[in-house]
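Down below is the structure, laid out as structure tokens.
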2 protein chains.
Amino acid sequence: MRNISKEDYLSAIYKNIDSNSKVKANVIAEKMDVSNAAVTDMLKKLAKESLIIYEPYKTIKLTPTGESYAKNIVRRHRIWELFLHQIVGLPWDKVHDEAENLEHSGSDELINRMEVMLNFPEFDPHGDPIPAIDGSIPKQRDSVSLSKLKEKECGLVVRVNDFSQNFLVYLAQIGIELKQKIEVKEIRSFDNSMLVLIAGNEFNISKTLADNVFVEIVKN
Amino acid sequence: MRNISKEDYLSAIYKNIDSNSKVKANVIAEKMDVSNAAVTDMLKKLAKESLIIYEPYKTIKLTPTGESYAKNIVRRHRIWELFLHQIVGLPWDKVHDEAENLEHSGSDELINRMEVMLNFPEFDPHGDPIPAIDGSIPKQRDSVSLSKLKEKECGLVVRVNDFSQNFLVYLAQIGIELKQKIEVKEIRSFDNSMLVLIAGNEFNISKTLADNVFVEIVKN
DNA sequence: CTTTTATTTTAAGTTAACTTAACTTTGTGA
DNA sequence: TCACAAAGTTAAGTTAACTTAAAATAAAAG
Ligand SMILES: [Mn+2]
Ligand SMILES: [Mn+2]
Ligand SMILES: [Mn+2]
Ligand SMILES: [Mn+2]
């Protein structure tokens, strides 16, 4: 049977690898909300199974086996998210929590079947790429944080961080969704909040909000 | 978070209550493939939570709370089964194993939403009743085991035991599905096998097979 | 460099869910 | 009715996944 705990650790490791494909144990402890000691414990187990490369006091690296294992879990998670969104009609702010459990259930056969139903999708409801069955990752469009745009610039929403359910609910409320066009009208330099135009309506958004929305810059 | 083990015990207890609403610990151990000692252990925990009534060496009974808890799990299981069958298109022999894991995931909200998508279904793909959200159980049509029919009698399939995947695959192969009409042409008394007519084709079926198919007797 | 702080590991202990082995209770059938 | 098999419990031990507290190491800062 699937080992939920190990799967969650591996996927947390995968999602937190830095530019040097390394992860600090520290970060994992925080993301998983467990003690550092628990992480050390698990790292030893994962290393014993050759899923990670681990030496005391060093940063963690995934082995090729570990990486493909991790990618498979991320794949399951994101396919579930998209399935729940598109087929079941769950709003994008609810899919992450459901998928967090569902990712550990469902045979590969079921996951693949859902992938077919969804017509081999490349991105989940938040714009994150869905690893294919062969481990390849769809290329994402070049994007920058909305907070990087200058006045008068325009962007198409490519991805949003699903870092808080409340955040996603609010985005939906003001009309921010994938592919939506956003124009920056004004930037207030004292707090970096922005006045933006979304589908004909103006909204004032905080720096924090803008930081977590990623857009592809477009003309006009 | 949901407690998978406890949920599986409760649902096993529920599904094995006899005519006196009692269960033997023994039976649970077998169904769950664990030792009797493990069952005793769990029974104490469930009793401490007032989910069952338990006294050493006596048979088990569900409390009202325990019963509604158990029914909820059965409900989840069967809604998942039907969802996988109708929406995802999984064959009826595959849905049980998937649902066995999925039944522990998915918020109540998700389960209810699937129920709506399925238009408040009353029976799962094997003809077992799906408890409603209020705990009520759809009434099943009067049925008898196919093996009870006499020569020349006819029945409509109302329910099948999903006791083996292989069994379900074979049923599908010979055209036995819910609502299918079956006519008994001949019975061989030496082994109680039957020659039956299903959608224009004749098949010889064993007593064991007939034992696990339940039909509503009809004229003609 | 050396001190301080942050990170990581080790040690010891807990809890849930199991196991096997030994013992107790119950129910059956000669 | 009593002997014995079946069912159930207890005892002792294991494993996975955690905890806190203390010790070790690494990184940062003066
Ligand atoms: Mn998870
Ligand atoms: Mn997502
Ligand atoms: Mn289950
Ligand atoms: Mn079923």
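Protein chains get the first letters and strands the later ones, always in sequence-line order, with residue 1 at the start of each.
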Could you give the OH-to-C1' distance, from B:Tyr54 to D:dT10, as a whole number of Å?
10 Å
Nucleotide N/O to protein N/O under 3.5 Å, stretch nucleotides 18-20 of chain D:
residue, atom, partner, partner atom, Å
D:dC18, OP2, A:Ser5, OG, 3.1
D:dC18, OP2, A:Tyr9, OH, 3.2
D:dT19, OP2, A:Ser35, N, 2.8
D:dT19, OP2, A:Ser35, OG, 2.7

Do the charged groups of A:Glu109 and B:Lys94 touch, with an N to O distance under 4.0 Å?
yes
Take nucleotides 22-28 of chain C nucleotide by nucleotide from the 5' end and write B, S or -, depending on whether a protein heavy atom sits under 4.0 Å from the base, only from the sugar-phosphate, or from neither.
--BSS--
List, one per line, each side-chain donor-acceptor pair under 3.5 Å for residues 29-48 of chain B, sequence neighbours excluded.
residue, atom, partner, partner atom, Å
B:Ser35, OG, B:Ala38, N, 3.1
B:Thr40, OG1, B:Asn36, O, 3.2

Taken to the nearest whole Å, CD/A:Glu30 to P/C:dT8 is 10 Å
Any salt bridge between B:Arg113 and B:Glu115, counting N to O under 4.0 Å?
no
Check the distance between D:dT9's P and B:Glu55's CD and give it to me in whole angstrom.
11 Å
Expressed in angstrom and rounded to an integer, what is the separation of A:Ile28 atom CD1 from C:dT9 atom C1'?
17 Å
Hey, does the side chain of A:Lys44 come within less than 4.0 Å of C:dT10's phosphate (OP1/OP2), counting only N and O?
yes
Tell me: CD of A:Glu49 to P of D:dA16, nearest whole Å?
9 Å
Only residue of B:Arg76, B:Lys71, B:Arg75, B:Arg2 satisfying salt bridge (Lys or Arg N to Asp or Glu O under 4.0 Å) with B:Glu7 is B:Arg2
Between A:Leu90 and A:His85, is any pair of side-chain heavy atoms under 4.5 Å apart?
no
Aromatic ring centroids of A:His77 and A:His96 under 6.0 Å?
yes
Hey, is CZ on A:Arg188 packed in by over 12 heavy atoms from elsewhere, all under 6.0 Å?
yes
Does a donor on one side chain sit under 3.5 Å from an acceptor on the other, for B:Asp191 and B:Ser193?
yes
From CG of A:Asn26 across to P of D:dT25 the rounded distance in Å is 19 Å
